[in-house]
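Worth saying up front: this structure is predicted, and the values here are computed from it rather than measured.
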Amino acid sequence: MRLRNVTGSEELIKECRYVIPEPVLYQGKWNRYFQNAKIRMEIHNMDNNIHNTDNKIHIEIGMGKGQFITGLASRYPDINYIGIEMYSSVLYRAVKKLERAALELNNLALLRLDARDLTAVFSKGEVSRIYLNFSDPWPKDRHAKRRITSREFLALYDEVLAVDGAVEFKTDNKDLFQFSLKEQEAAGWRLDKVSYDLHNDEEMIKGNVLTEYEEKFSALGKPIFKYVISR
């Protein structure tokens with residue numbers, strides 16, 4: 001269910017230091033934004049070899065109120081996290097939550113962005129991991145292309161993911177999960193990990209960071225489905 005609109009939310013989120021008003025300016029330069037781009041020189045066989053050691057960039061598409069992405073950013077300071085939310089009213093709630101928590105996270109940025117515009121904001125191979133959590137199931141067949149795990153979106157992720165990049169997807173919606181597995185296979189992606197009951201899966205639950213919806217649904221005893229896929 002979409003959250004109620006917040007009047008003036010577009011203007012209000014601009015005041016948050018985490019929100020990037022013109023993300024297209026950082027396409028291919030996100031590590032410069034985070035100020036942790038660095039080059040390491042090594043001497044090997046009398047030659048100077050330049051190795052890029054920038055911190056990896058992980059993004060969450062449809063970040064909601066931000067519990068997941070801020071939890072990751074707090075836990076892993078050497079990874080740059082970018083939360084993406086299409087609706088300004090939802091992003092505003094995430095911003096207010098950040099302000100109340102008084103978090104100081106130098107590895108976090110937030111974008112109000114339609115996921116279909118990813119390639120305008122990220123260069124090819126710039127993103128190491130994409131998180132999709134409890135996405136809108138768009139249950140009507142005619143809306144299948146809008147599902148964020150459809151082959152159309154997978155083709156989009158392919159444009160920005162690093163060669164060894166991966167997509168992680170969690171949902172409580174069994175029909176959406178089954179659809180997502182079929183789309184992954186049809187698009188030629190590799191299924192690296194899968195769980196039909198994440199919270200009772202000893203291996204896949206390791207390091208799991210809860211989303212707001214995940215807390216709610218798991219408390220009700222609903223199984224959480226998850227996969228990790230790569231090319």
Q: Assess whether side chain to side chain contact (heavy atoms under 4.5 Å, CB included) is satisfied between Leu176 and Thr149, documenting all intermediate values.
A: CA-CA 9 Å; Leu176 177 61; Thr149 53; 4.1 Å; yes
Q. Any salt bridge (charged side-chain N to carboxylate O under 4.0 Å, His left out) pairs touching residues 160-169, not counting sequence neighbours?
A.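 Passing the test, one end in residues 160-169: Arg129-Glu168, Glu168-Lys226.
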Q: Report the C-alpha separation of Leu118 and Ile59 in whole Å, then their side-chain angles, then the decisive distance to 0.1 Å, and conclude whether the side chain to side chain contact (heavy atoms under 4.5 Å, CB included) test is met.
A: CA-CA 10 Å; Leu118 280 181; Ile59 68 175; 4.1 Å; yes
Any side-chain heavy atom of [X] within less than 4.5 Å of one from [Y]?
X: Ile57; Y: Ile82; answer: yes
X: Gln67; Y: Lys97; answer: yes
X: Ile61; Y: Asn133; answer: no
X: Glu60; Y: Leu72; answer: no
X: Val121; Y: Leu113; answer: yes
X: Leu110; Y: Ile20; answer: no
X: Phe179; Y: Ser150; answer: yes

Q. Can Glu99 and Lys96 be said to form a salt bridge (charged side-chain N to carboxylate O under 4.0 Å, His left out), step by step?
A. CA-CA 5 Å; Glu99 291 176 349; Lys96 297 304 291 183; 3.2 Å; yes
Q: Identify which one of Asn173, Asp172, Ile148, Thr171 satisfies the side chain to side chain contact (heavy atoms under 4.5 Å, CB included) criterion when paired with Pro137.
A: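 By the side chain to side chain contact (heavy atoms under 4.5 Å, CB included) criterion, Pro137 pairs with just one of Asn173, Asp172, Ile148, Thr171: Asn173.
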Q: Answer yes if Leu220 and Leu210 sit in the same cluster of Ile, Leu, Val, Met, Phe, Trp and Tyr residues linked by side chain heavy atoms under 4.5 Å apart, and no otherwise.
A: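 In one cluster with Leu220: Leu210, no.
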Q) When you measure from the centre of the six-membered ring of Trp189, is the NZ or CZ of Arg231 under 6.0 Å away and within 45° of the axis? A)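 Output yes; distance and angle both within limits.
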Q.
Less than 4.0 angstrom from a charged side-chain N to a carboxylate O is my criterion; do Glu183 and Lys145 meet it?
A.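 Judged by the 4.0 Å cut-off on N to carboxylate O distance, Glu183 and Lys145 do not form a salt bridge.
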Q.
Closer than 4.0 angstrom, basic N to acidic O: yes or no for Arg112 and Glu85?
A.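 Judged by the 4.0 Å cut-off on N to carboxylate O distance, Arg112 and Glu85 do not form a salt bridge.
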Please work out whether the ring planes of [X] and [Y] are parallel, tilted or perpendicular, with thresholds of 30° and 60°.
X: Tyr213; Y: Phe217; result: parallel
X: Phe177; Y: Tyr227; result: tilted
X: Phe225; Y: Tyr196; result: perpendicular

